[in-house]
Amino acid sequence: MSSVQPKDAAAVILLRQKTDPDNPEVFWVKRSPKLVFLGGFYAFPGGQAEPADPEAPIENCGDDRERAAMISCAAREMFEETGVLLARGSKTLTVGQRSSLLDDLESGRMPWPEMLEHYGLHLDANDFTFVGRWVTPPFAPRRFDTWFFLVNCPPKQEPHVTGDAELASGEWISACDAYKKWERNEILAAPPVLHTLKVLAGGLTNDLVERFLSVPEAHRQVTQRMEFRQNYICFPVRTPTKPPATHTNAYLIYTSRELLIIDPGSPYEEEQRALAECADDLIAEGRIVREIVLTHVHPDHVAGVSALNEHLQSKHALRVPVAAHRLTAESLKHQFAVDRHIEDNEVISLDGEPAIRMQALFTPGHARGHLCFYDEARGVLISGDNVVGFGSVLIDPADGNMSEYLDSLRRMRSLPNVTVLLPGHGPAVANPYDKIDQYIEHRLEREANILTAVREGASTPAEIVARVYTDVNPKALPMAERAVLAHMEKLVTDGLVKSASGSYRPV
Ligand SMILES: [Zn+2]
């Protein structure tokens with residue numbers, strides 16, 4: 001299965017009027033925690049291009065139609081999300097006039113280009129400084145090819161989040177303060193946002209634009225190396241995993257002296273090479289690889305273990321031990337040796353700066369020997385396949401067990417300080433407790449519906465699927481039957497259903 005194609009998008013990095021050039025203030029927004037894509041993340045106002053964007057009147061853009069269209073997209077999104085109108089001629093508009101314009105635009109009474117023309121406004125490309133074009137890596141449910149523009153906030157305009165359902169809040173913040181919030185593990189932001197904050201924290205220097213454009217990612221080069229939380233590199237590799245996911249996240253957790261690699265899962269050579277190079281870079285800075293650690297047995301999490309170990313051995317003469325839960329080790333014994341068993345509640349400590357302590361949590365249900373890893377100090381929970389960034393989690397008996405899975409979710413839910421989930425698939429999850437609650441509620445709702453179906457006479461898995469999984473794509477029906485079996489096991493254990501030779505009846 002191929003990954004999602006990126007869609008054109010644009011974003012505005014808005015600088016405050018008369019801001020301190022040594023530590024400029026920028027307007028950032030918090031995305032609604034309910035959003036599927038980067039919910040709860042901090043970002044800049046922006047969004048996807050619309051077909052009418054290229055029609056907007058614009059000056060000083062020459063023949064560059066593509067740039068003109070993206071400037072128009074950026075300005076429209078800025079207006080819709082914050083009420084700031086980045087158009088020439090808007091100085092004479094009163095606050096009331098601007099808000100009625102916004103009304104016209106949002107209600108669809110007047111399309112954006114027509115609105116600008118009607119009020120004698122136009123965009124000027126000189127107001128929008130291009131500072132990079134970033135493409136979302138191919139591991140997310142949505143991907144964007146986003147143009148970033150640096151813009152000075154026009155006089156007498158104040159951005160405020162307009163009640164757009166996508167955004168929870170917005171505020172001015174100095175670039176240094178914002179970046180420090182990330183360093184203190186208080187916020188989550190995507191790589192281009194972190195890069196922007198870091199560049200701006202260096203001040204509005206003469207080489208500002210060059211500094212923005214100094215990384216290959218700012219020129220559409222897709223990076224696999226992302227650090228949603230400091231010292232935890234998320235490195236998605238392409239794997240033959242379960243759709244809609246196309247990638248499995250490996251994690252490289254590092255201090256100044258040590259490195260731990262979780263779930264090198266790709267069977268593909270080029271992906272294995274990319275991961276090995278990332279490890280090489282961290283080793284070249286003076287670290288040793290402490291261990292390769294596995295969350296669970298599934299092939300899309302372990303298929304790259306041997307290749308990575310061979311690489312580390314041939315290039316660095318390192319024989320890196322592999323560690324996993326005993327049940328995972330048992331299932332893998334014909335593929336490769338697991339050198340060390342990780343026990344429930346065991347603490348894995350990495351030496352160096354900053355010291356990192358991760359508690360292993362035995363959390364079966366999706367797989368027998370499943371482990372999560374909890375760094376309480378940083379609020380990080382590596383959730384493996386128990387909770388994922390997008391798509392759903394399959395509970396497939398006998399390796400999967402629904403009662404155990406729900407207990408594991410409840411255990412994850414009971415941890416005192418989780419501010420981010422780093423899942424086996426998809427982007428980091430910024431609203432961990434809500435997400436885990438949704439998972440639990442979803443399973444209990446399915447269970448209740450299945451029990452009702454059995455009480456109404458459905459007796460085989462196929463009959464139950466037909467009644468309960470009415471929202472499922474026909475291709476997914478065989479998987480739904482496996483999920484029903486998992487629910488039936490639990491209902492039998494709970495004493496609510498009796499089973500006899502493949503058919504079920506209520507108790
Ligand atoms: Zn799995």
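Indexing begins at 1, ligand by ligand and atom by atom, following the structure's order.
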For N/O/S atoms only: which one belongs to His298 and is nearest the Zn ion (ligand 1)? ND1
Measure from the Zn ion (ligand 1) to each N, O or S atom of His301 and report whether any distance is below 2.8 Å. no
Closest to the Zn ion (ligand 1), which N/O/S atom of His296 is it? NE2
Roughly how far, to the nearest 0.5 Å, is the OG1 atom of Thr363 from the CG atom of Asp385? 10.5 Å
May I ask you to check if any N/O/S atom from Asp385 comes under 2.8 Å of the Zn ion (ligand 1)? yes
Evaluate whether atom CZ of Arg340 has more than 12 neighbouring non-hydrogen atoms of other residues, nucleotides or ligands under 6.0 angstrom away. yes
For a side chain to side chain contact (heavy atoms under 4.5 Å, CB included) with Val465, tell me which candidate from Ile450, Val472, Thr470, Leu477 qualifies. Leu477
Ring-ring centroid check Phe37 Phe144, cutoff 6.0 Å: yes
